[in-house]
Amino acid sequence: MAALFLIAVSGCNPRVQEFEERGDRYSARGEYVDARTEYELAIREAGGDVPTRLWMKSGALALRAKNFREANRIFGEVVEEDPDRRDEVRALYQLNANRWVATGDTFAAIQAIEWVRAQDSTANLGPLFFTLGDAAYQRPDYDAAVEAYLLGLARARDQASPEVYARLGDALERMRNCPAAIEYFRRYLERREGDAELAPEARFRLGTCAYRMAEQAFASDDFDRARRYVDLVIETGEPVSELDGANLLRAKLHEREGDREAAMRTYRGVVERNRDQRSRAALEAFRRLKQLEFGMPLRTAERAAETENRNGGGR
């Protein structure tokens with residue numbers, strides 16, 4: 001029955017059937033070069049009436065051999081002639097892309113993924129988006145990396161490696177989106193495996209972003225937001241060079257809340273950690289601590305320090 005079917009759909013040309021059957025046998029044995037040769041002979045013999053299945057078989061072997069120019073040409077024509085084949089072709093490209101990702105051939109995987117996206121920008125590539133994100137991140141193209149990583153997380157979050165979150169945080173910080181970067185650095189640190197190599201850098205970048213956001217929030221009188229970011233810097237312990245500044249900012253927030261004891265305690269901690277240093281944060285903490293110890297009202301102490309800084313006293 002199978003032989004009769006092949007003869008019928010091959011325009012009753014037994015030579016087309018012969019070449020195709022031989023190609024199928026070679027393909028089943030894993031002899032793909034010989035198989036493709038037989039399929040090409042069948043296509044040539046069929047002339048202008050080539051069955052679509054022959055193009056599909058030939059294209060599949062070209063794709064397996066990573067002959068993307070030929071595979072893309074064949075499948076482009078197949079899809080143009082028969083749009084109903086689009087999903088089948090796309091699945092074939094995705095199958096090979098997954099196989100190449102698994103074997104570490106990222107370059108080949110990217111070629112396949114890009115073809116799918118060029119055919120259908122809405123294609124759901126699942127975890128393959130992470131491969132696209134990695135490639136864009138390495139170029140570097142941070143906009144494209146963020147887009148690909150987010151699409152991957154939306155479709156295959158459970159298959160994302162911890163490094164995806166670290167790279168997302170890095171890309172977003174470079175794009176000056178600190179609030180989003182902080183969230184992804186935190187997610188990375190929650191998911192990292194063991195003593196991950198990226199962890200120290202992620203903590204530093206997270207703390208740097210959080211400190212920057214705390215200063216901005218405090219300057220705009222958004223004290224609740226400033227407190228959240230200050231606490232995050234201190235909890236993270238990075239950057240070490242800004243911890244005194246973060247504690248100084250926390251003490252100022254205590255002043256804003258009217259908590260004299262907490263403010264004095266926090267200023268005193270900054271001073272005591274810097275007995276042999278004369279950092280700007282330590283000097284400012286010492287001045288404010290003394291003003292409060294002498295009974296100066298909280299807001300008055302703060303305004304006095306700000307006035308002194310404006311007049312050059314902080315230099």
Side-chain angles (χ1 to χ4, degrees), residues 166 169-170 172-190 198-315:
D170 177 62
L172 287 162
E173 188 197 3
R174 293 175 187 276
M175 295 165 65
R176 301 184 184 281
N177 188 345
C178 258
I182 287 169
E183 288 307 309
Y184 286 107
F185 282 134
R186 292 182 73 173
R187 294 182 195 182
Y188 163 71
L189 292 169
E190 291 168 358
L198 294 174
E201 177 71 10
R203 277 194 295 270
F204 179 85
R205 303 285 288 283
L206 187 159
T208 300
C209 261
Y211 185 66
R212 189 181 308 151
M213 297 305 299
E215 288 189 310
Q216 291 176 6
F218 186 84
S220 61
D221 294 336
D222 188 347
F223 303 123
D224 287 339
R225 190 159 171 258
R227 188 179 303 104
R228 289 197 300 272
Y229 283 122
V230 163
D231 289 346
L232 184 56
V233 176
I234 294 170
E235 172 192 326
T236 302
E238 291 284 357
V240 174
S241 60
E242 302 293 2
L243 288 179
D244 285 338
N247 277 285
L248 180 67
L249 198 52
R250 177 184 268 179
K252 292 180 182 180
L253 288 166
H254 288 318
E255 286 195 49
R256 292 283 184 176
E257 295 162 355
D259 192 338
R260 177 186 292 269
E261 292 304 316
M264 292 177 66
R265 184 169 60 251
T266 307
Y267 285 135
R268 189 175 293 111
V270 175
V271 172
E272 290 176 352
R273 283 192 297 273
N274 289 273
R275 291 187 181 279
D276 299 326
Q277 301 178 26
R278 294 182 61 82
S279 69
R280 181 172 181 173
L283 289 172
E284 185 174 352
F286 180 79
R287 286 197 307 272
R288 288 176 179 259
L289 176 62
K290 292 305 175 185
Q291 289 165 351
L292 293 177
E293 285 179 341
F294 283 121
M296 188 178 291
L298 288 174
R299 292 301 179 87
T300 305
E302 184 175 311
R303 283 197 294 270
E306 290 174 352
T307 300
E308 184 176 351
N309 281 333
R310 283 198 300 272
N311 292 337
R315 292 197 298 267

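Being a predicted model, the structure only gives us computed values, none of them experimental. Start at 1 with the first residue, then count along the sequence.
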Could you measure the distance from the [atom1] atom of [X] to the [atom2] atom of [Y]? Nearest 0.5 Å is fine.
{"X": "R227", "Y": "R250", "atom1": "CZ", "atom2": "CZ", "value": "10.0 Å"}
{"X": "M213", "Y": "L232", "atom1": "CE", "atom2": "CG", "value": "11.5 Å"}
{"X": "Q216", "Y": "R225", "atom1": "CD", "atom2": "CZ", "value": "7.5 Å"}
{"X": "R187", "Y": "I182", "atom1": "CZ", "atom2": "CD1", "value": "12.5 Å"}
{"X": "T236", "Y": "D231", "atom1": "OG1", "atom2": "CG", "value": "10.5 Å"}
{"X": "R268", "Y": "M264", "atom1": "CZ", "atom2": "CE", "value": "5.0 Å"}

Do you know the tightest heavy-atom contact between [X] and [Y]?
{"X": "V230", "Y": "A214", "result": "CG2-CB, 3.7 Å"}
{"X": "P239", "Y": "F204", "result": "CB-CE1, 3.3 Å"}
{"X": "L243", "Y": "G237", "result": "CD1-O, 3.8 Å"}
{"X": "V233", "Y": "A210", "result": "CG2-CB, 3.5 Å"}
{"X": "Y267", "Y": "A251", "result": "CE2-CB, 3.3 Å"}

Is the backbone N or O of A166 less than 3.5 Å from a side-chain atom of D170, with the two atoms forming a donor-acceptor pair by type?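 No, the answer is negative, given that no donor and acceptor are paired below the 3.5 Å cut-off.
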
What I'd like to find out is whether the side chain of [X] reaches to under 4.5 Å of the side chain of [Y], using heavy atoms alone.
{"X": "R203", "Y": "Y188", "answer": "no"}
{"X": "K252", "Y": "E284", "answer": "yes"}
{"X": "E238", "Y": "L206", "answer": "no"}
{"X": "E255", "Y": "R288", "answer": "yes"}
{"X": "N247", "Y": "R273", "answer": "yes"}
{"X": "Y211", "Y": "Y229", "answer": "no"}
{"X": "L189", "Y": "R186", "answer": "no"}

Mind jotting down which residue pairs meet the disulfide (SG to SG under 2.5 Å) criterion with at least one end in residues 199-251? Sequence neighbours excluded, please.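 Found C178-C209.
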
Which residue pairs pass the disulfide (SG to SG under 2.5 Å) test when at least one of the two sits in residues 213-263, sequence neighbours left out?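 As it turns out, there is no disulfide (SG to SG under 2.5 Å) pair with a partner in residues 213-263 once direct neighbours are skipped.
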
Assess whether side chain to side chain contact (heavy atoms under 4.5 Å, CB included) is satisfied between E173 and R212, documenting all intermediate values. CA-CA 11 Å; E173 188 197 3; R212 189 181 308 151; 4.0 Å; yes

Enclosure of F223 CZ (heavy-atom neighbours >12, cutoff 6.0 Å):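 Yes, enclosed.
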
Residue pairs fulfilling salt bridge (charged side-chain N to carboxylate O under 4.0 Å, His left out) with at least one residue in residues 213-223, sequence neighbours excluded: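 Output for this query is empty, none listed.
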
So that I can tick it off, tell me whether R280 and D244 are bridged by a salt bridge, with the cut-off set at under 4.0 angstrom between side-chain N and carboxylate O.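 No, no charged N to carboxylate O under 4.0 Å.
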
